[in-house]
Amino acid sequence: MKVSVDRSLCYGSAECAHRAPTLFAFEDGYGVVRRGAAAQAADDPQVREAVREAAEKCPSQAITFMEREEQEREEQERAEQR
């Protein structure tokens with residue numbers, strides 16, 4: 001699972017940290033992905049669902065995530081374009 005928060009979009013509602021505290025933290029007024037948390041959470045369906053919900057409910061739409069299969073497919077497509 002690949003998760004990111006676009007700081008240029010985030011305005012600090014802390015919805016992400018509230019909905020998925022194992023994956024997101026609230027630092028310096030912005031939501032951030034906890035270091036290493038996405039890799040650890042990838043196999044936990046409850047955390048994946050919480051991340052999905054956090055992305056959907058983020059008022060600034062600053063959260064993006066990709067499931068492992070999507071990430072692998074995207075990487076393969078990029079490699080084929082080279």
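Sequential numbering from 1 along the given sequence is applied to the chain's residues. Only heavy atoms go into these numbers, but all of them, side chains included; no hydrogens, no water, no symmetry mates.
- Atom OG of Ser4 is separated from atom CE of Met66 by 8.0 Å, given to the nearest 0.5 angstrom.
- Using a 4.5 Å cut-off between side-chain heavy atoms of Ile, Leu, Val, Met, Phe, Trp and Tyr, with links allowed through other members, Val47 and Val33 fall into the same hydrophobic cluster.
- Counting non-hydrogen atoms of other residues, nucleotides and ligands closer than 6.0 Å to CD of Gln46 gives a total of 12 or fewer.
- For the atom pair Glu53 CD and His18 NE2, the distance stands at 8.5 Å (nearest 0.5 Å).
- Annotation: the span from Lys2 atom NZ to Thr64 atom OG1 amounts to 7.5 Å, rounded to 0.5 Å.
- Here OG1 of Thr22 is found 7.0 Å from CG of Asp44. Values are rounded to the nearest 0.5 Å.
- Around OH of Tyr30, the count of heavy atoms belonging to other residues, nucleotides or ligands within 6.0 Å does not exceed 12.
- Among all heavy-atom pairs drawn from Ala62 and Cys10, the shortest one is CB-N, 3.7 Å.
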| Check against side chain to side chain contact (heavy atoms under 4.5 Å, CB included), Val3 and Val51 | CA-CA 8 Å; Val3 183; Val51 170; 4.1 Å; yes
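- Closest approach of Ala55 and Gln61 over heavy atoms only: O-NE2, 3.6 Å.
- Lys57 contributes atom NZ, which lies 14.0 Å from atom CZ of Arg52 (distance to the nearest 0.5 angstrom).
- By the 4.5 Å heavy-atom criterion applied to side chains, Cys16 and Phe26 are not counted as neighbours.
- Between the side chain of Arg19 and the main chain of Phe24, no donor-acceptor pair closer than 3.5 Å is present.
- In this structure, CZ in Arg48 is found 12.0 Å from CG in Leu23, a value given to the nearest 0.5 Å.
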